[in-house]
Amino acid sequence: MSIEVQNISKTFGTFKALSSVSLNVPTGQLVALLGPSGSGKTTLLRIIAGLEQADEGSGSIYFHDEDVATQPVRRRQVGFVFQHYALFRHMSVFENVAFGLRVRPRRARPTKRDIRDRVHRLLALVQLDGMAGRYPSQLSGGQRQRVALARALAVEPKVLLLDEPFGALDAKVRKELRAWLRRLHDELHVTSVFVTHDQDEALEVADRIVVMNEGRIEQIGTPDEVFHHPQTEFVMKFLGEVNAFHCRVDSGRVQFDALELPFPQERQQIEGDARVFIRPYDVTIDTKTNGLPSVTAEVIRIHSAGPVVRLELRTATGQALAAELSQERFGTMNLQVGSNVYVRPRHIRVFTSA
Amino acid sequence: MSHGIAWKQRSVLPGFGLSMGLTLLYLALLVLIPLAGLVLFTGTWITLAEFWDKAVADPRVLASYRLSFGASLIAASLNGVFGLIVAWVLVRYRFPGKRFIDAIVDLPFALPTAVSGIALTTLYARTGWVGRWLDPLGIQVAYAWPGIVIALTLIGLPFVVRTVQPALEDLDHEIEEASASLGATRWQTFRRVILPTVFPALLTGFAMAFARAIGEFGSVYFIAGNMPMKTEIAPLLIIIKLEQFDYVGATGIGVVMLVAAFVLLLVINLLQWWSRRYQA
Amino acid sequence: MAAGIALRMRARSEQATAATTESPLTRWLLIGTALGFLAVFLFLPLVLVFVYAFGQGISAYLAAFAEPDARTAIRLTLITAAIAVPVNTAFGVAAAWAIAKFEFKGKNLLITLVDLPFAVSPVIAGLIFVLLFGARGWFGPWLHAHDIRIIFATPGIVLATLFVTFPFVARELIPLMQAQGTEEEQSALTLGATGWQTFWRVTLPNIKWGLIYGVILCNARAMGEFGAVSVVSGHIRGQTNTMPLHIEILYNDYQFAAAFAVASLLAFLAVITLVVKSFVEWKSARTHAAVERESQGGGSS
C-alpha cells in the first residue's frame, strides 16, 4: 500500500507547522521523516494517520489511489505507534494487543480462538510470548515499545506509522531495537513511516529519508543520497558536523579564503555570493606544501583520544576550521599546538546563502 | 481556514459537541438562569431605597453581617495557623496513626452540617464533654460567638490543609539544603524560604475557608443560639425573612452575600494564578 | 474553589536529612498541636455522635427508626439522592470529557462556572428556587394555576440538592482526566474503536476510582444537605422532611437520643466516604509508584 501526500498544509493558530508538503512513499518501503523539533515531522505523521486534520482545502492524502483525507482515524487502518507507547495501563499485554480485534463490529470480529492465536503469533514475533499476562507497568521500556508495535500490527494495518519509536529508550536498547525493527520490516514488508530527530537512526534503518525543516521538505533520498549529496545547506548541516565559509562563485570557480576550486555540484548553477561547506573528514592535512591549492592554518587544539584525531585550526584569515585525520597519519606528522599546517579540501559543497 | 482562528482546536476524539452541549444546557438551566433570576428579581422588584433600608442600613441586618464576616475571618485565620501545622506534620513527619489523621481531615467534607452542628453544640454546651471544663472559667462557647467560630473552623479546616499539603510536598528538598548550607537556622529557613513558597497556597486555602464560612448555615444554626443582634448570622436572617414572606428583605441580603461570594471567587482565582507564576 | 476536595494523586515520601528537619522536641510539639487540634475539632464530635446515639441502649436506638416520621424522612432522603446522584454523575462525566479532553477558549471560565455552586451559600441556593417557583415567585402564579407544587414539595428538595451537589463528580474527574491525557484514546481510535467503545473500554477503566469517590462524595452531600433543603422544604413533618431536617426537629424537641440515632446513620455514611477515599488514594499511589519505578529502571529486556 503506497502513501501519497499532496500539498498538505497545517496551521496551529498563527504557527505554520506544514507548508504545502508533498511526499510519496512506495509500497513496502521504510521511510524516515528526519528533522529537528518543530520541523513538522510529527504533524505530518499525525495527519497521515488522521489524528490531525490538514488545513481545509490544502491538499489530499491517498492510500494506494484511495483518498483518505476525509476518513476518520478509525477507518484508515493505520498502525500507529506512539512515542510514549500509549499502552492501555489497565489491560494486560494480551488484552492490549487484542484490543483492535475485539472492538470490531460483530460481523468483522474474529472468533475468540482466532484472536488468541493471532495475539500469540504477534507476541512471538516481537519476542514477548511469555509476557502475555503482564501489565504495562511491569514491563521495561523496550518491552513496552514492542507491545505497542504488536498492538499496531494486530489490526493488519495498511501502513505502519511510528512516532519517535526509540526516543524514550536508553542508548543500548535503542541500538538493539533499531536493528530488530529493520529485520522485522524486511520480514513483513508493511509500508512504514517513522519520525526521528536522530540522523544515525534514520541513516541506519530507513530505505529513504525525508529531511524536514520549518514545515517544508528539504530533500528526499536514500541514506546515501542525503548524506553524500545534500541538496540544501540545511541538509548538509543537519547530517553531521560541517565547516562553513563565505565564498564567491564566478563562472564555475569557487573562491574562498585563499583558495579557488572548481564548482562541485553537477546539476546546480550558482553565481555570485554563496557559502561553501566542508566536512571535517573531507580535508587532507600536510605539514609541507605540495603545490596543490591549500589553506594555511595554525593548530589551536588537538583531541587525540578517540578513533580519529580531531584538530581545531585557525586559518591565516582568522577562520575556525575543524579537521579529522587518522591516528596513523597523525602519528607520522608530529603535530603540536601552534604548528602550521596546509589544509586541502578534498570535497566541498556550495549553497547560496539563505 | 476562512474564519481565522477557531475557538476550539480540532481533535480526533469524538463527543465534544454532545458533552459540551449537555454541560452548557444543564449548567444554564440549573445554575446560571436561577442565579440570574435572583439578580433580575432584585433589579425589577426592589427599588434602591428599599434595598438600602432592608439589606444594608437595618441594624439587625448589619449586626448579622458583622457577625458572619467577623466570625468567618477569625475561623479562617485559626484554620490558616492550625491548618498549616497539620499539613506540615502530615507531609514531613512519621508518627503512629498518620494515615488515620490524614483521612479524618476530610471529615467536614463528608459529614452533614446538621450532624456536626448538633454534635458541636452538645460537646460545648455547659454540661458537654468540653463545655463543663470551660464553664467554671467563665467561658461560654455554645450559644455565643465563640461557638460560631468553632463551627466555622470545623467546616473550613480541610480547605487549608488540602491546598497547603501539595505545595509542601512539591517543595524541592534541595532549596532547604541550600538554605542550610548558606548558614540559615531551621527557623530562618522556614520563615524565609519555605513560608514564602507555600504562602500563595496558604492564602488560597484561607480564602476558600473564609468563603465557605460566610455561606455556612447548618452547623452554625444549632450552636449559635440565634439571638437577634447578637448571634444571628446573615444566612439565618435570609431564612427568617423568607418565613415572614419578606421576599424583598431576603433577596436583598442574598444579593449582598452573593456579591461577596463572587468577589471571593475572583480573589481565589487570582491567587491560584498568582501561585503558579513561578512555574514553567 | 474546590481544589481541596479532589483526590491527591500522589504523596511523596519523607526524605528528610539532618539539615532539613527539626529537633525532636519541635517535632513532637508540632505533632501534638496538630493532633490536639484535630481531636477537639473533628474526632470528639464524631465520637460524640455515636456515644449519644447508643447511650440509651440499642433498643432506644432502633426505636428512633420505628417512628413513621423517621421512615418518611429516610425515604425522602433516599429518593432525593437516587435522582440527584445519577443526574449529576452523568453531567459530571460529560463536563469532564469536554473540559479535560479538548482545548477550547473559555475553558477556565467554564471550570469556574462549574465550581460556582461551591461558592454560593446553600441558603442562597434555596432562596433562588423559592424566588423562581415559590408562591410569590416568578413562576408562582402559573404553577399555582396548573396545580404544580415545587417549593415545599419533593421537586424543590431535589432541585436544591441537584444545585448544591452539582460540581462534585466533575471536580473529581477533571484533574484526573487531564493528567491522563488523550494518547490512550487516540491509540484506541487508530485501532478502529468507535467513540463509545473508546469511552467504555479505555477512558472509564482509567477513571473508575476517581469516579467512584466523586459519586460517593456527591451522595454523602446529597443525603446530608441541610441549608438549601431547609429553605425549600417547608418542614412539613411526615412529608417534606429529609433526614437532616428530621434531626433538627428531634433535636429541637429535646429528643437527643433519637436525633443522634438518625445523625449516626449520616455520620456512618461520612466515615465510609473517608474510608473509600483513603482506599482510592492508596490504590492510585501504588499504581503511580509502580509506573514511576518501572519507567526509571526500565532497561533492556
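Naming convention: chains lettered A, B, ... in sequence-line order (proteins, then strands); numbering from 1 in each chain.
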Between C:Glu103 and B:Ser11, do the side chains contain an N or O donor and an N or O acceptor separated by less than 3.5 Å?
-> no
Which residue out of B:Leu236, B:Thr251, B:Ile253 racks up the most heavy-atom pairs below 4.5 Å with chain C?
-> B:Thr251
Tell me, for C:Ile99 versus chain B, whether the close heavy atoms (under 4.5 Å) come from the side chain, the backbone, both or neither.
-> neither
Return the orientation label for the C:Phe166 and B:Tyr26 ring planes: parallel under 30°, perpendicular over 60°, tilted otherwise.
-> parallel
Applying a strict 4.5 Å limit to non-hydrogen atoms, the region of B:Thr122 in contact with chain C is both
Which bit of B:Leu24 is near chain C, if near means a heavy-atom gap under 4.5 Å: side chain, backbone, both or neither?
-> side chain
Checking B:Leu242 against chain C: side chain, backbone, both or neither under 4.5 Å from a heavy atom?
-> side chain
Side chain, backbone, both or neither: which part of B:Val130 has an atom under 4.5 Å from a heavy atom of chain C?
-> side chain
Evaluate the ring planes of C:Phe139 and C:Phe133, with Trp represented by its six-membered ring, and classify them as parallel (under 30°), tilted (30 to 60°) or perpendicular (over 60°).
-> parallel
Just give me the residue among B:Thr113, B:Thr121, B:Ile33 that pairs up with chain C most often, heavy atom to heavy atom, under 4.5 Å.
-> B:Thr121
Side chain, backbone, both or neither: which part of B:Trp129 has a heavy atom under 4.5 Å from chain C?
-> side chain
Side chain, backbone, both or neither: which part of B:Val105 has a non-hydrogen atom closer than 4.5 Å to chain C?
-> both
C:Val40 versus chain B, heavy atoms under 4.5 Å apart: side chain, backbone, both or neither?
-> both
Contact origin within C:Pro244 toward chain B - heavy atom pairs under 4.5 Å | both
Between B:Phe16 and C:Phe104, is the gap from one ring center to the other below 6.0 Å?
-> yes
Looking only at B:Ile239, B:Leu27, B:Ile238, most heavy-atom pairs under 4.5 Å shared with chain C are made by B:Leu27
Examine whether an atom of C:Leu189 lies under 4.5 Å from a heavy atom of chain B, and if so say whether it belongs to the side chain, the backbone or both; otherwise answer neither.
-> side chain
Residue among B:Leu78, B:Val89, B:Val86, B:Ile118 with most heavy-atom pairs under 4.5 Å to chain C | B:Ile118
Portion of C:Phe199 that has a non-hydrogen atom of chain B nearer than 4.5 angstrom = neither
Please check if any side-chain donor atom of B:Thr153 sits under 3.5 Å from a side-chain acceptor atom of B:Asn79, or the reverse.
-> no
If every non-hydrogen atom of B:Thr163 is compared with every non-hydrogen atom of B:Gly205, which pair is closest and at what distance?
-> OG1-CA, 3.2 Å
Part of C:Thr273 lying under 4.5 Å from any heavy atom of chain B | side chain
Looking at C:Val271, C:Val130, C:Val49, which makes the most heavy-atom pairs under 4.5 Å with chain B?
-> C:Val130
Aromatic ring proximity C:Phe256/C:Phe260, centre distance under 6.0 Å = no
Can you say whether C:Leu132 sits under 4.5 Å from chain B via the side chain, the backbone, both, or neither, judging by heavy atoms?
-> side chain
Identify which part of C:Tyr251 has an atom lying under 4.5 Å from any heavy atom of chain B, answering side chain, backbone, both or neither.
-> side chain
Output for pair (B:Arg92 CZ, C:Ile31 CD1), nearest 0.5 Å, gives 13.0 Å
For this output row, return yes or no: ring centroids of C:Phe91 and C:Phe168 closer than 6.0 angstrom.
-> no
Given that the side chain runs from C-beta out, which part of C:Leu162 has a heavy atom under 4.5 Å from chain B: side chain, backbone, both or neither?
-> both
Tell me yes or no: between the side chains of C:Glu248 and B:Tyr221, is some donor less than 3.5 Å from an acceptor?
-> yes
Given that the side chain runs from C-beta out, which part of C:Ser264 has a heavy atom under 4.5 Å from chain B: side chain, backbone, both or neither?
-> neither
Measure distances from C:Ile247 to the heavy atoms of chain B and classify the residue's part below 4.5 Å as side chain, backbone, both or neither.
-> side chain
Using the benzene-type ring in the case of Trp, are the ring centres of B:Tyr124 and B:Trp133 under 6.0 Å apart?
-> no
Side chain / backbone / both / neither for C:Leu48 at chain B, heavy atoms under 4.5 Å = both
Have C:Ser187 and C:Thr190 got a donor and an acceptor in their side chains that come within less than 3.5 Å?
-> no
Atom CZ in C:Phe268, atom CD1 in C:Ile272: separation rounded to 0.5 Å?
-> 4.0 Å
Please round to the nearest 0.5 Å and tell me the distance separating atom CG of B:Leu265 and atom CE of B:Met208.
-> 9.0 Å
If one checks every heavy atom of B:Leu32 against chain C at 4.5 Å, the contacting part turns out to be side chain
Measure the CG-CG distance between C:Leu274 and B:Asp102 for me, rounded to the nearest 0.5 Å.
-> 10.5 Å
Heavy-atom distances under 4.5 Å only: say whether C:Val51 touches chain B with side chain, backbone, both or neither.
-> side chain
Is chain B contacted by the side chain of C:Asn219, its backbone, both, or neither, given a heavy-atom distance below 4.5 Å?
-> neither
Turns out that what part of B:Thr204 lies under 4.5 Å from chain C's heavy atoms comes down to neither
Where does B:Leu157 contact chain C at under 4.5 Å (heavy atoms): side chain, backbone, both or neither?
-> side chain
Does any non-hydrogen side-chain atom of C:Phe226 lie less than 4.5 Å from one of C:Pro122?
-> no
